[in-house]
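Just so you know, these numbers use all the heavy atoms, side chains as well, and skip hydrogens, waters and symmetry mates.
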Amino acid sequence: MIPEIANYQGIGYNTSSVKDMANFLTFLKELRQNPVGVNLTLSAAIGLTPFFNATGNPLTDVTGFVKVLDYITVMNYDVWGPWFSTVGPNTPLKDTCTSSANQEGSAVSAVKGSTDAGRLTHQIALGIASYGHLFSIPPSGVFVSGTKTLAAFPTFNALNKPLGNI
């Protein structure tokens, strides 16, 4: 049982339930009570927000998971990509330098969200991308109009996929 987001159907191969997170925590607690499980190093990969509750909102208290997981890895990659209408950072460290409309999350906001919900900082590992995405941006969109300043979050031609991009 590996929940994606509670109450949300992922890519379609799994079933989801509003009880996903509660069941996952129960499973981890039972595993920790097992003579073998007590000696295992357990970790979980999470998104930019802490685990989700039954209504699909981020948990505000993850102390139950803190007791049974040794580590979490924040998947701070693919934050922006070809599924957006504009170019943006793939693995942002901090996103407060842009308007709130372009703040999709970052390493800083993910660590803050996890620690605010009760996660200990020494239990957090940061997963980052060692790749990028390619975009075809029309020449008129590269710079801020009339300047040599690169445009932030320029639109791109989704139909013209550069070679080498997935």
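Distance check: Leu134 CG to Leu163 CG gives 9.0 Å after rounding to the nearest 0.5 Å. Between the CG atom in Asn23 and the CD atom in Glu30 there is a gap of 9.5 Å [rounded to 0.5 Å]. In this structure, CG in Asp116 is found 10.5 Å from OG1 in Thr60, a value given to the nearest 0.5 Å.
Closest approach of Ala44 to Leu69, counting heavy atoms only: CB-CD1, 3.9 Å. Minimum interatomic distance between Pro154 and Gly141 (heavy atoms only, all atoms of both residues): CB-O, 3.4 Å. Residue Lys112 comes nearest to Thr115 through the heavy atom pair O-OG1, 3.1 Å, listed as atom of the first residue, atom of the second, then distance.
Remark: the Ser136 side chain and the Asn160 side chain contain an N/O donor-acceptor pair separated by less than 3.5 Å.
The shortest side-chain heavy-atom distance between Ser43 and Ile72 does not fall under the 4.5 Å cut-off. When side chains are defined from C-beta on, Thr73 does not count as touching Ile46, because their heavy atoms never get closer than 4.5 Å. By the 4.5 Å heavy-atom criterion applied to side chains, Asp95 and Asn102 are not counted as neighbours. Two residues are said to be in side-chain contact when any heavy atoms from C-beta on lie closer than 4.5 Å; Arg119 and Ile124 meet this criterion. Side-chain contact between Asn57 and Phe52 is absent, with no heavy atoms from C-beta onward closer than 4.5 Å. Considering only heavy atoms from C-beta on, Thr91 stays 4.5 Å or farther from Val79 through its side chain.
Under the salt bridge (charged side-chain N to carboxylate O under 4.0 Å, His left out) criterion, no residue pair touches residues 134-149, with sequence neighbours excluded. Among pairs with a residue in residues 95-124, none fulfils ring pair (Phe, Tyr, Trp, His ring centres under 6.0 Å), at least two apart in sequence or across chains.
Residues passing the side-chain contact (heavy atoms from CB on, under 4.5 Å) test with Asp70, sequence neighbours excluded: Arg32, Thr41, Leu42. Qualifying ring-ring contact (aromatic ring centres under 6.0 Å, His included) partners for Phe143, counting only residues two or more places apart in sequence or in other chains: none. Looking at residues two or more places apart in sequence or on another chain, you find no ring-ring contact (aromatic ring centres under 6.0 Å, His included) involving Tyr77. Remark: Phe156 engages Val87, Phe135, Ile137, Ala158 in a side-chain contact (heavy atoms from CB on, under 4.5 Å) (not counting sequence neighbours).
Annotation for Tyr71: atom OH does not count as buried by contact number, only 12 or fewer foreign heavy atoms lying within 6.0 Å.
Ring planes of Tyr131 and His133: perpendicular class, angle over 60° (limits at 30 and 60°). Aromatic ring orientation, Phe65 versus Phe24: tilted (interplanar angle from 30° to 60°).
Put simply, Leu25 and Leu40 are part of the same group of oily side chains (I, L, V, M, F, W, Y) that touch within less than 4.5 Å, one to the next. Phe27 and Val62 fall within the same hydrophobic cluster, where Ile, Leu, Val, Met, Phe, Trp and Tyr residues are linked whenever their side-chain heavy atoms come under 4.5 Å apart, directly or through other members. Linking Ile, Leu, Val, Met, Phe, Trp and Tyr whenever their side-chain heavy atoms come within less than 4.5 Å puts Phe153 and Trp83 in one cluster.
With Asn76 contributing its side chain and Ile128 its backbone, the two residues share no donor-acceptor pair below 3.5 Å. In this structure, the side chain of Thr63 does not engage the main chain of Val66 through any donor-acceptor pair within 3.5 Å. Of the possible donor and acceptor atoms, none in the side chain of Ser114 sits under 3.5 Å from a partner among the backbone N and O of Val111. Side chain of Glu104 to backbone of Trp80: no donor-acceptor contact under 3.5 angstrom is found. Side chain of Asp20 to main chain of Ala54: no donor-acceptor pair is present (N/O by atom type, distance under 3.5 Å, no hydrogens or angles).
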